[in-house]
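What follows is a single structure, written as structure tokens, with notes after it.
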Number of protein chains: 2
Amino acid sequence: MNFNAITIRDIAKELNLSVSTVSKALRDSYEISEKTKKLVIECAQRNNYRPNPIAQSLKQGNSKSIGIVVSTIENQFFAQVINGIESVAHKEGYNVIITQTHESYDLEVKNVNHLTSRSIDGLLISLSTETPDVEHLKTLHAQGLPMVFFDRVTEDINTHKVISDNYKGAYDATKHLIDSGFRRIAHITSPPNISITKERLAGYKAALADAGIFTPDYYICYCPHGGRDISEIENALNFLLNLKDKPDAIFTTSDRITTTTIFLLNKLKVAIPADVALVGYTNTTLADVLNPPLSSVHQQGFEIGQKATEMLLSLIKSKWPVTEFETVVLPTHLFIRESSTKTKK
Amino acid sequence: MNFNAITIRDIAKELNLSVSTVSKALRDSYEISEKTKKLVIECAQRNNYRPNPIAQSLKQGNSKSIGIVVSTIENQFFAQVINGIESVAHKEGYNVIITQTHESYDLEVKNVNHLTSRSIDGLLISLSTETPDVEHLKTLHAQGLPMVFFDRVTEDINTHKVISDNYKGAYDATKHLIDSGFRRIAHITSPPNISITKERLAGYKAALADAGIFTPDYYICYCPHGGRDISEIENALNFLLNLKDKPDAIFTTSDRITTTTIFLLNKLKVAIPADVALVGYTNTTLADVLNPPLSSVHQQGFEIGQKATEMLLSLIKSKWPVTEFETVVLPTHLFIRESSTKTKK
DNA sequence: ACTTGTTACTAAAACGATTGCGTAGAAATA
DNA sequence: TATTTCTACGCAATCGTTTTAGTAACAAGT
């Protein structure tokens, strides 16, 4: 099947012109007379000619496409980030290739290799929860592949980064729970190796410390796969709910963990917020309609995507090796709904 | 920035071999001695050589990538379809380029043009709600671009298609409402021009007819943009709830319409199902956790994506023009939850 | 000694578009 | 008329890889 067979050569043959004349005519070169240009353009349109982008890429040395690596697009946060990325990329004539790691390190490596072997001009990446190191990216970075990290970033590679103010988001959420009268506030979170976990954990701890509330370490539960498997959260909840100093509130990170927590609490007939209050990081548009309406820390997903893409494009377009890098931090917003409202028992 | 500069020519120079020898050695050709192969491979690895995929594409005449057009990946149904697509595509060495129409016809045309001008080997497309005709696809189809439709299909182009059993899904949902004792069953749906609307509408009507229930036409509300804007559903609900023969149940199609309906009914303090029962098409994983838990028609999104991709790849790989086309219909599943359970008032 | 075969390689032509350089012919200038 | 300057186009190289069509060098068969 050879789709789109018509080439610049076919036009040249049809009009008895040289290939270069046709090319130049189509690119509106001053070297070509108006008459010939008109002739060529008319012929091109009539034959529905489209320049072969692969040939153009080969000649020009770029592919006009950027690669994206996220954990999963089923997560609304990433879907929103991707929308932001596309909005900027398309405007600049770049298209995007989206890949998903499903939190797996292996898949992350495979996707990155696949993307680079498909020739991308730059990479936007949010690390997988299972990623232990970034050696697979360091080589590429050293070779000069422009990359920008967002959401889950690494300190081991010096480049542009875009993140939410995870510390403050967690601080605000925890403080809100404290202000609402909760004292035994547990935390279910992603693995401790990824950046968002550390930052949010720090915010959580700081809010508790600032309020002078002592919280035992076992109130902090890590989900090895970031909540990919329901059992991770089941285990955490079973543990927490069976403590003799059972928490009266839970602060969760990540969409998946948050929504699974509310699902499981409902299933276990644990009343929210009467038995346990809940505040979680999530970008789902359904927070209002959940049972109960979910208090949530919302991130500016779309804007994160936009900013990261702008930075990536600036790297791609830069004629000089860039050495000054920036980490942009976007604010989060706490939406208070019923799941964290203190009720009289 | 020239990333990944080392080419087959550099290796040839370094080893004092010809370019073709190096190429053949790397491709493990029988024409090259083991000694030379070893030499070349060692040199390639040492220099971290990667074949330039653009040059390969140009030579081989394919890009090993397929284009996807959906309305929005924020819709979990499409996210799941895409996961299915990727699972098959990546296994076969293809990567995917995802584009979104946000239900706009203009964007659909732009995306399709963009994809084809980026050289894709095939196209997977679910039509936008606003798409009035498929002229923009007919040309491409005529030129031989392999394409497979899924979800929202057209009769005007003869190719493979993969859809859910929309008729039966709607029939089952409506029948369930009837069986639960509801009689005045309204329908909020997408614009009448797209296939899923027609099919689901037919199922809805058939179930009512089979039960001998007369339903006025004004019980059927169309959302011009498939529920993209909240006002579309607000208008529909305002209209329905102010009727003197106000419906006692609503059947909604599409994720967006369904979740927005439950949001608005909650906001309007209309009790579900006491005042109005609700069954909707949705693939959200949160149906269980909504307030109230949402009865829903669930589609096999992942499987739709898989099947569509298998069919597309068979078209791409076919040496002969394919003339026999197939429409695969996958079953839907009705999950009964509280939103459609008859309660005593 | 002469054909025939095999091995292990190279030269060159693709793929399609772009571009620097060259040039025929016309027009302008000396 | 001779020379220079334009105009409008063509030639050929280029991007990096693959592939076809060779071809030396040597061995084996007749």
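Residue numbers start from 1 in every chain, and the chains themselves are labelled A, B, ... in the order their sequence lines are given, proteins ahead of strands.
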Rounded to whole Å, please give me the gap between CZ in B:R50 and C1' in D:dT17. 17 Å

Atom-to-atom span, CD of A:Q56 to C1' of C:dC15 - whole angstrom: 14 Å

Between A:T36 and A:I32, is there a donor-acceptor pair closer than 3.5 Å when you use the side chain of the first and the backbone of the second? no

A:I54 has an atom CD1; how far is it from atom C1' of D:dT17, in whole Å? 13 Å

What nucleotide among C:dA17, D:dT17, D:dT20 has an atom nearest to a side-chain atom of B:K24? D:dT20

B:D28 CG - C:dA8 P separation (whole Å): 13 Å

B:D121 CG to B:L145 CG distance, which is reported to the nearest 0.5 Å: 9.0 Å

Return no unless some side-chain N or O of A:Q60 is found under 4.0 Å from OP1 or OP2 of D:dC15. no

5'-most by nearest nucleotide on DNA chain C - B:V22 or B:A55: B:V22

Tell me which nucleotide among D:dC9, C:dC15, C:dA11 gets nearest to the side chain of B:S20. C:dA11

Is the gap between the ring centers of A:H136 and A:Y105 under 6.0 Å? yes

Nearest-angstrom distance from the residue atom CG of A:N16 to P of D:dC9: 13 Å

Check the side chains of A:N111 and A:Q100 for a donor-acceptor pair under 3.5 angstrom, ignoring hydrogens and angles. no

Rounded off to whole Å, could you give me the CD1-to-P distance for the A:I32 and C:dT19 pair? 13 Å

Please report the distance, rounded to the nearest Å, between NZ in A:K64 and P in C:dA17. 18 Å

Do any side-chain nitrogens or oxygens of A:T36 fall under 4.0 Å of OP1 or OP2 in D:dC9? yes

Taking the minimum atom-to-atom distance to the side chain of B:L17, which one of C:dT18, C:dC9, D:dT17 wins? C:dC9

Is there a donor on the side chain of B:K59 or the base of D:dT18 sitting less than 3.5 Å from an acceptor on the other? yes

Nearest to the B:S18 side chain among D:dT18, C:dA11, D:dC15, which nucleotide is it? C:dA11

Nearest to the side chain of B:R9, heavy atoms from C-beta on, is which of D:dT17, D:dC9, C:dT18? D:dT17

D:dT17 phosphate, OP1 or OP2, under 4.0 Å from B:R27 side-chain N/O: no

Using the side-chain heavy atoms of A:L58, tell me which of these nucleotides is nearest: C:dG16, D:dT17, C:dA17. C:dG16

Just checking, is any N or O donor in the side chain of B:S20 or B:S23 under 3.5 Å from an acceptor N or O on the other one? no

From C-beta outward on B:E31, which listed nucleotide comes closest to its side chain: D:dA21, D:dC15, C:dT19? D:dA21

Among D:dT19, C:dA8, D:dG16, the nucleotide that comes nearest once only the side chain of B:S33 is considered: C:dA8

Between B:L26 and A:Y30, name the one whose nearest nucleotide on DNA chain D is closer to the 5' end. A:Y30

Is the shortest distance from a Lys or Arg side-chain nitrogen in A:R228 or A:E103 to a carboxylate oxygen in the other one below 4.0 Å? no

Rounded to the nearest Å, what distance is computed from the CD1 atom of residue B:I8 to the C1' atom of nucleotide D:dT14? 17 Å

